[in-house]
Amino acid sequence: MAAKIAYADVEVGTELPAQSFPVSRATLVRYAGASGDFNPIHWNEKFAVEVGLPDVIAHGMFTMAEAIRVVTDWAGDPAAVVDYGVRFTKPVVVPNDEEGALIEVSGKVAVLLDDNRVRVDLVAMSAGQKVLGMSRAVVRLG
């Protein structure tokens, strides 16, 4: 599988389609089971509050994974991502209600690189706060 986006078709400033990802407590339990990360700050409200958090928070790696979906969906091939990194700036707080939390992600091409690669900068927000900083992916396009 190769990237469906051609390098020649993008320029600095090209915006990727933004996406929103809902997160519930059930989502966190499923992620904990899949990842093996059963830290109680991700499922136990009493424990999370006792350690100084406002409520249960989403796993950082889960948040990071949801954000990169904007890039992989745009590129059309997850293997097109050759490098990805973020800084965790704020937690995604997930209340125990019908709505949970929402991670809103947008991205745009920031730099054209050699070898049909581009750097995409992402912005990930939840509850009006930036939850990932320096969120950047290098993508090899077709």
Side-chain angles (χ1 to χ4, degrees), residues 1-45 47-49 51-142:
M1 183 183 243
K4 68 180 180 181
I5 303 293
Y7 182 81
D9 293 338
V10 301
E11 58 189 32
V12 170
T14 297
E15 293 188 15
L16 284 62
Q19 293 187 52
S20 296
F21 304 100
V23 186
S24 67
R25 294 280 178 95
T27 307
L28 299 182
V29 170
R30 286 191 297 275
Y31 182 81
S35 68
D37 181 352
F38 293 100
N39 187 324
I41 63 172
H42 303 303
W43 57 270
N44 183 320
E45 184 175 339
F47 182 85
V49 171
V51 298
L53 295 168
D55 205 333
V56 164
I57 63 171
H59 302 73
M61 296 303 286
F62 172 82
T63 304
M64 189 177 174
E66 292 291 74
I68 198 64
R69 288 175 57 189
V70 167
V71 177
T72 59
D73 288 354
W74 172 72
D77 179 9
V81 176
V82 296
D83 189 41
Y84 177 45
V86 305
R87 290 191 182 168
F88 300 106
T89 56
K90 298 279 184 187
V92 175
V93 178
V94 183
N96 191 17
D97 60 19
E98 297 300 316
E99 294 180 28
L102 193 64
I103 302 169
E104 299 171 290
V105 184
S106 61
K108 66 180 168 182
V109 175
V111 180
L112 299 177
L113 303 166
D114 61 348
D115 197 25
N116 285 7
R117 296 174 307 137
V118 298
R119 190 187 86 208
V120 174
D121 290 354
L122 297 167
V123 175
M125 306 283 293
S126 184
Q129 295 190 29
K130 192 173 181 181
V131 295
L132 298 176
M134 302 287 290
S135 184
R136 297 177 173 170
V138 175
V139 185
R140 181 168 287 112
L141 300 177

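If you read the sequence from its start, that first residue is 1, and numbering goes on from there.
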Query - Interatomic spacing from NZ in Lys130 to CZ in Arg87 - rounded to 0.5 Å - result: 11.0 Å
Query - Check: Arg25 side chain, Val94 main-chain N or O, donor-acceptor pair, under 3.5 Å - result: yes
Query raised in the report: What residues form a side chain to side chain donor-acceptor pair (under 3.5 Å) with Arg30, not counting sequence neighbours?
Result: none
Requested in this report: Kindly compute the distance separating CZ (Arg117) from CG (Leu112), expressed to the nearest 0.5 Å.
Outcome: 11.5 Å
**Report entry** Any side-chain heavy-atom pair of Tyr84 and Val71 under 4.5 Å
**Finding:** no
Query raised in the report: Which atom names give the shortest non-hydrogen contact between Ala32 and Phe38, and what distance separates them?
Result: O-CZ, 3.5 Å
Query raised in the report: For Val12 and Ala110, which heavy atoms make the closest approach, and how far apart are they?
Result: CG1-O, 3.6 Å
Query raised in the report: Looking at Ala80 and Ala3, what are the two nearest heavy atoms and their distance?
Result: CB-CB, 4.0 Å
Query raised in the report: Do you know the tightest heavy-atom contact between Val105 and Ala124?
Result: CG2-CB, 4.2 Å
Report task. Decide whether Asp73 and Gln19 meet the rule of one side-chain donor and one side-chain acceptor closer than 3.5 Å. Result -> yes
Query raised in the report: Do Asp121 and Val123 have side-chain heavy atoms sitting under 4.5 Å apart?
Result: no
Query raised in the report: At what distance, to the nearest 0.5 angstrom, does CD1 of Ile41 lie from CG of Leu28?
Result: 10.5 Å
Query raised in the report: What distance separates Ile103 CD1 from Thr63 OG1, expressed to the nearest 0.5 Å?
Result: 4.0 Å
Requested in this report: Can you spot which of Phe21, Phe88, Tyr31 makes a ring pair (Phe, Tyr, Trp, His ring centres under 6.0 Å) with Phe62?
Outcome: Tyr31
Requested in this report: Measure across Arg140 and Val82 and return the closest heavy-atom pair with its distance rounded to 0.1 Å.
Outcome: NH1-CG1, 3.6 Å
**Report entry** Tyr7 side chain reached by Leu113 side chain, heavy atoms, under 4.5 Å
**Finding:** no
Query raised in the report: Counting N and O atoms only, with roles assigned by atom type, does the side chain of Thr72 sit under 3.5 Å from a partner on the main chain of Asp77, one being a donor and the other an acceptor?
Result: no
**Report entry** Closest approach of Leu122 to Gly107 (non-hydrogen atoms, all atoms of both residues)
**Finding:** CD2-CA, 3.8 Å
Query - Straight-line distance of His59 NE2 to His42 NE2, nearest 0.5 Å - result: 4.0 Å
Requested in this report: To the nearest 0.5 Å, tell me how far Ser106 OG sits from Leu16 CG.
Outcome: 9.0 Å
